[in-house]
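Data block below; observations after.
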Amino acid sequence: MILFKAVTVKVSLMITLATVLLTSLSLAAKPQETESKPLPKIIALSPHIVEMLYDVGAGKQIIATTDFADYPEQAKNIPSIGNYIRLQLEKVIALQPDLIIAWKSGNPSDDLARLSQLGFKVVYSEPKTFRDIAKELRQFADLSGHSEQGRQVADAFLKQLDDIKDRYRDKQTITAFYELWSRPLTTIARGSWPQQHLNICRAENPFEQVSSPYPQVNIEQVLKTPIQLIIQPLSVNQKDKEGFNWRDWPTIQAVSENNIITPDADALHRMTRRSLLALDKLCLDIDKVRQSYLSGI
C-alpha cells in the first residue's frame, strides 16, 4: 500500500513537471508565433499622400511617388514613377509594392485599373474637407502599421480645426477675391477645396454660387464686385511664380488700399496636416484686413 502511494505521488509529480515544461516551451514559442509582420512597402501617388504618410510615421516605407512630392525635405529623395498624366507601370511592377495609395481624381484611372488587374492592392485618397484629412490620416496609419500615431495626429488635427473655427465664427464678413490661377484668370466657387477656407475665415466669395467649382472669369466680372481683399496664393512650383497683375486695376478697392495677400499655395492647397497651419495664417491675415476696415468706419 505504501509502495502504491509512493508510485502514485511519483507519477503525479512527473505529470506536473511535464505540464510545467510544456507550458514553458509554449510561452517561449509565443514571441516567434506572434512576431509582427514587416511594415508594408508603399507607393504614394501624390504629394499630399506622401505628406500624410510622413505625418503618421510611415515616410520611410515609401518606395516611389509622383512629381512635385517635395515635402517634407526627405520626400525629395523618393524616386518618381510618373505624374497626373501617366504612370510608369513597368517601374511599379519592378518595385513590387505591398500597397499603392492613389489620388482618385488626380491619377490616371486607366493605369490604376491596370495595376488592380495585376493584383496590386490599391487604396484611394479623395479628401473633400478638413475632416476628411483626419479620416485619411487614421486610415493610412492603420494600413502602414502606425495606428496609434495616426490616431494621435488625427485627434490633434481635429482639435486645432475646431479651435480655428471657434476663433472666427462670429467675425464680420469681408469680401474677397480668390485667385486660383492667373492665365486664364481662375477663381473658386462652392465645391472647391479652398472655399472651405473662406467660409471658416469669414470671407465672402462673390463667385461662390457659380456652378463650376473652379470658374474662369474675366476682369470685367471682377470689377462689378466691391472687392476688399485679393487672395493670391503662389507656389514655388509655379514656373513664372507670377500672379495676375492687379496693379493695373487701381479702381478695385483691394488694389487701391494694397490689400493683396500671397499665401503659400502648396501648403494651402495640399490636403494635409500642413494645410491647417496655412488656414490658421490665412484667417489671421484676413482678420488684419478686416480690422483695418472696421477701424476706418
Side-chain angles (χ1 to χ4, degrees), residues 48 127-135 154-182 185-217 219 221-235 243-244 246 249-297:
H48 82 269
K128 300 290 187 183
T129 67
F130 283 116
R131 292 197 173 274
D132 288 343
I133 293 176
K135 180 181 177 181
D155 288 350
F157 180 93
L158 290 174
K159 183 181 184 306
Q160 185 180 2
L161 174 63
D162 289 340
D163 288 345
I164 295 172
K165 286 182 175 181
D166 289 343
R167 199 179 313 147
Y168 296 97
R169 193 182 308 278
D170 298 322
K171 294 282 187 177
Q172 183 173 319
T173 59
I174 181 173
T175 304
F177 178 81
Y178 197 102
E179 177 193 323
L180 187 70
W181 197 251
S182 59
L185 185 58
T186 306
T187 187
I188 62 171
R190 60 184 176 181
S192 67
W193 173 260
Q195 181 58 47
Q196 64 179 329
H197 296 66
L198 298 190
N199 292 340
I200 293 171
C201 298
R202 299 286 291 160
E204 184 177 346
N205 175 11
F207 296 95
E208 182 177 1
Q209 300 307 318
V210 177
S211 57
S212 169
Y214 300 100
Q216 294 180 11
V217 296
I219 190 63
Q221 291 173 290
V222 179
L223 290 171
K224 292 177 182 178
T225 309
I227 304 294
Q228 298 171 291
L229 170 66
I230 293 172
I231 303 170
Q232 189 180 53
L234 297 177
S235 169
F244 188 84
W246 294 105
W249 304 94
T251 54
I252 299 174
Q253 185 178 7
V255 177
S256 64
E257 298 182 6
N258 198 32
N259 288 327
I260 301 174
I261 59 176
T262 56
D264 178 359
D266 291 337
L268 201 61
H269 294 160
R270 288 184 188 175
M271 296 79 83
T272 68
R273 185 172 65 164
R274 189 165 55 122
S275 67
L276 202 58
L277 301 176
L279 170 69
D280 196 8
K281 186 177 186 309
L282 177 67
C283 286
L284 181 61
D285 290 342
I286 291 174
D287 199 47
K288 289 178 181 177
V289 176
R290 176 188 293 111
Q291 295 305 319
S292 71
Y293 278 111
L294 292 176
S295 63
I297 294 176

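In this structure, Val255 and Pro250 approach most closely via the heavy-atom pair CG1-CA, 3.9 Å. The shortest heavy-atom contact between Arg270 and Arg274 is NH1-NH2, 3.6 Å. Gly243 and Leu234 make their closest contact through N-CD2, 3.9 Å (heavy atoms, listed as atom of the first residue, atom of the second, distance).
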Going through the distances and angles, do Leu279 and Cys201 end up as a side-chain contact (heavy atoms from CB on, under 4.5 Å)?
CA-CA 8 Å; Leu279 170 69; Cys201 298; 3.8 Å; yes

Go through it in stages, so that I can follow the logic: the residues are Thr272 and Ile133, the test is side-chain contact (heavy atoms from CB on, under 4.5 Å), and I'd like the CA-CA distance, side-chain angles, deciding distance and then a yes or no.
CA-CA 6 Å; Thr272 68; Ile133 293 176; 5.7 Å; no

Output, in order, the C-alpha distance, side-chain angles, deciding distance and verdict of side-chain contact (heavy atoms from CB on, under 4.5 Å) for Thr187 and Trp181.
CA-CA 7 Å; Thr187 187; Trp181 197 251; over 6 Å; no

Audit row: Ile286, Val289, side-chain contact (heavy atoms from CB on, under 4.5 Å) steps and yes/no
CA-CA 5 Å; Ile286 291 174; Val289 176; 5.9 Å; no

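Side-chain atoms of Asp280 do not come within 3.5 Å of backbone N or O of Leu277 as any donor-acceptor pair. Remark: the backbone N or O of Ile188 is not paired with any side-chain donor or acceptor of Ser192 at under 3.5 angstrom. Thr129 places a side-chain N or O within 3.5 Å of a backbone atom of Asp132 that can act as its donor or acceptor partner. Checking side-chain atoms of Thr225 against main-chain N and O of Ile227 turns up no donor-acceptor pair under 3.5 Å.
Within the 4.5 Å cutoff, the side chain of Ile219 has heavy atoms near those of the Phe244 side chain. Within the 4.5 Å cutoff, no side-chain heavy atoms of Glu204 are placed close to those of Leu198. Using a 4.5 Å heavy-atom threshold, the side chains of Ile200 and Phe130 count as touching. With a 4.5 Å cut-off on side-chain heavy atoms, Pro194 and His269 count as touching. Proximity of Phe177 to Gln221: side-chain heavy atoms (C-beta onward) are nowhere separated by under 4.5 Å. Side-chain contact between Asp264 and Pro233: absent, with no pair of heavy atoms (C-beta onward) separated by less than 4.5 Å.
Classification of Arg167 and Asp163 as a salt-bridged pair fails, no side-chain N sitting under 4.0 Å from a carboxylate O. Using a 4.0 Å cut-off between charged nitrogen and carboxylate oxygen, Arg290 and Asp287 count as a salt-bridge pair. Ion pair Asp162/Lys159 not flagged as a salt bridge, since none of the NZ, NE, NH1 or NH2 atoms sits closer than 4.0 Å to an Asp/Glu carboxylate oxygen.
Taken to the nearest 0.5 Å, the CZ atom of Arg202 stands 11.0 Å off from the SG atom of Cys283. In this structure, the separation between CG on Leu276 and NZ on Lys281 is 14.5 Å, given to the nearest 0.5 Å. Atom OH of Tyr178 and atom CD1 of Ile230 lie 13.5 Å apart (nearest 0.5 Å). If you take CG on Leu185 and CH2 on Trp246, they are separated by 5.0 Å, rounding to the nearest 0.5 Å. Atoms CD1 and CG, on Ile261 and Leu229 in that order, are 5.0 Å from each other to the nearest 0.5 Å. Separation of atoms CD (Gln160) and CG (Asp155) is listed at 13.0 Å; rounding is to 0.5 Å.
A donor-acceptor pair shorter than 3.5 Å cannot be found between the side chains of Asn259 and Gln228. Side chains of Gln232 and Glu179: a donor on one and an acceptor on the other come within 3.5 Å. Using modelled atom types, one finds no donor on one side chain facing an acceptor on the other under 3.5 Å when comparing Tyr293 with Gln172.
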Just list the side-chain donor-acceptor pairs under 3.5 Å for residues 206-217, sequence neighbours left out, or say none.
from	atom 1	to	atom 2	distance (Å)
Gln209	OE1	Arg190	NH1	3.1
Ser212	OG	Tyr214	N	3.4
Tyr214	OH	Trp193	N	3.0

